[in-house]
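The structure presented is a predicted model; accordingly, all values stated were derived computationally and were not measured.
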Amino acid sequence: MNDVTVVQDGRRVYLDKQSPTAYRALLATADAVRATVAEAGLDRVLVELVNLRVSQINGCASCLDVHTRAALRAGETTRRLGVLPAWRDTELFTPRERAALALAEATSDPADSLAQERAYGAARVVLNDDEISAVIWVAITINAFNRVSILSRHPVRDVRA
C-alpha cells in the first residue's frame with residue numbers, strides 16, 4: 001500500500017482562513033518588513049524583483065500573480081520580468097538588483113552554504129548592512145507567504161471572464 005494519501009475531494013485548508021491569528025501575525029511581519037525596506041531606502045521595483053524571484057523558485061502561482069502586477073505598477077518592464085528567471089545571463093539588471101537577487105536565492109535555499117557566501121560577498125560590494133538585512137527579510141517573508149499560498153492552493157482566477 002502506498003504511504004501517500006490523496007485528498008479525496010481536492011480541497012485544501014486555506015491556512016489564512018483556518019488560522020487567522022497566525023496569518024495576521026504573518027501580515028504584521030510583512031508590515032514590519034515594509035518599514036525596514038523603507039528605512040533602508042530600497043526601491044519598490046527591487047523589492048518586487050525579490051518577491052518574484054523567490055516566488056518563481058518556489059512555484060507559487062498566487063504570489064507570482066500578485067507581485068507581477070505590483071512590479072508593473074511600480075514601473076517594472078515586461079521585458080525584464082520575462083527574463084527574470086535568467087537574470088544572471090542578461091545585462092538588464094543593475095549590480096544592486098543582481099546582488100539582491102542572489103541574496104534572495106540564497107535565502108530561499110539555505111542549505112547551499114557556498115551560494116550564501118558568494119551572494120553575501122557580492123552584496124557587501126554594493127549594498128550596505130541595512131539594505132542587506134532588508135533584502136533578506138523580504139526574501140524570508142515572501143518564502144513564508146509562498147508556503148501559505150502553495151499549501152492552501154490559493155487559486156489564480158482569470159479576471160477577464
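The shortest distance between side-chain heavy atoms of Val66 and Arg69 falls below 4.5 Å. Thr21 is listed as a side-chain neighbour of Arg24, based on a closest heavy-atom distance under 4.5 Å. By the 4.5 Å heavy-atom criterion applied to side chains, Ile57 and Arg53 are counted as neighbours. Counting only heavy atoms from C-beta outward, the side chains of Phe145 and Thr29 never approach each other to under 4.5 Å.
When atom types are taken as modelled, the side chain of Asp65 and the backbone of Ala61 share no donor-acceptor pair closer than 3.5 angstrom. Of the possible polar contacts, none joining the Glu131 side chain to the Leu42 backbone as a donor-acceptor pair under 3.5 Å is found. Using a distance-only test at 3.5 Å, with no hydrogens or angles considered, a donor-acceptor pair links the side chain of Arg80 to the main chain of Leu92. Side-chain N or O atoms of Ser152 include one that pairs as donor or acceptor with a backbone N or O of Leu15 at under 3.5 Å.
The CD atom of Gln116 sits 7.0 Å away from the OG1 atom of Thr107 when rounded to the nearest 0.5 Å. Considering CG of Leu101 and CG of Leu84, their distance stands at 6.0 Å, rounded to 0.5 Å. With rounding to the nearest 0.5 Å, the separation of CG in Leu49 from CG in Leu81 is 7.0 Å. Of the inter-residue distances, the one linking Asp31 atom CG with Arg34 atom CZ reads 4.5 Å to the nearest 0.5 angstrom. With rounding to the nearest 0.5 angstrom, the CD atom of Gln18 is 14.5 Å from the OH atom of Tyr23. Ser149 OG to Arg12 CZ: the interatomic distance, rounded to the nearest 0.5 Å, is 12.0 Å.
The number of heavy atoms from other shown groups lying within 6.0 Å of CZ (Arg88) is above 12.
The hydrophobic clustering, which links ILVMFWY residues whose side-chain heavy atoms are closer than 4.5 Å, places Leu27 and Leu151 together. Phe93 and Leu72 fall within a single hydrophobic cluster, where Ile, Leu, Val, Met, Phe, Trp and Tyr are joined by side-chain heavy atoms under 4.5 Å apart, directly or via other members. Note on Leu52 and Leu103: separate hydrophobic clusters, where clusters join Ile, Leu, Val, Met, Phe, Trp and Tyr whose side-chain heavy atoms are under 4.5 Å apart, directly or indirectly. Transitive grouping of hydrophobic side chains (ILVMFWY, heavy atoms separated by less than 4.5 Å) keeps Val45 and Val33 in distinct clusters. No chain of hydrophobic side-chain contacts below 4.5 Å, direct or via other Ile, Leu, Val, Met, Phe, Trp or Tyr residues, connects Leu114 to Ile136.
Remark: Thr94 engages Arg96, Glu97 in a side chain to side chain contact (heavy atoms under 4.5 Å, CB included) (not counting sequence neighbours). Asp129 meets the salt bridge (charged side-chain N to carboxylate O under 4.0 Å, His left out) test with Arg124; sequence neighbours excluded.
The residue from Ile142, Asn146, Thr68 that alone fulfils the side-chain contact (heavy atoms from CB on, under 4.5 Å) condition with Asn51 is Ile142.
Taking each heavy atom of Val126 and Pro95 in turn, the nearest pair found is CG2-O, 3.7 Å. Closest of all the heavy-atom pairs between Val135 and Ala100 is CG1-O, 3.6 Å. Minimum interatomic distance between Ala104 and Ala139 (heavy atoms only, all atoms of both residues): CA-CB, 3.9 Å. Here the shortest heavy-atom pairing between Ala144 and Leu26 reads CB-CD1, 3.8 Å. The two atoms that bring Pro155 and Tyr14 nearest to each other are CD-OH, 3.1 Å, heavy atoms only.
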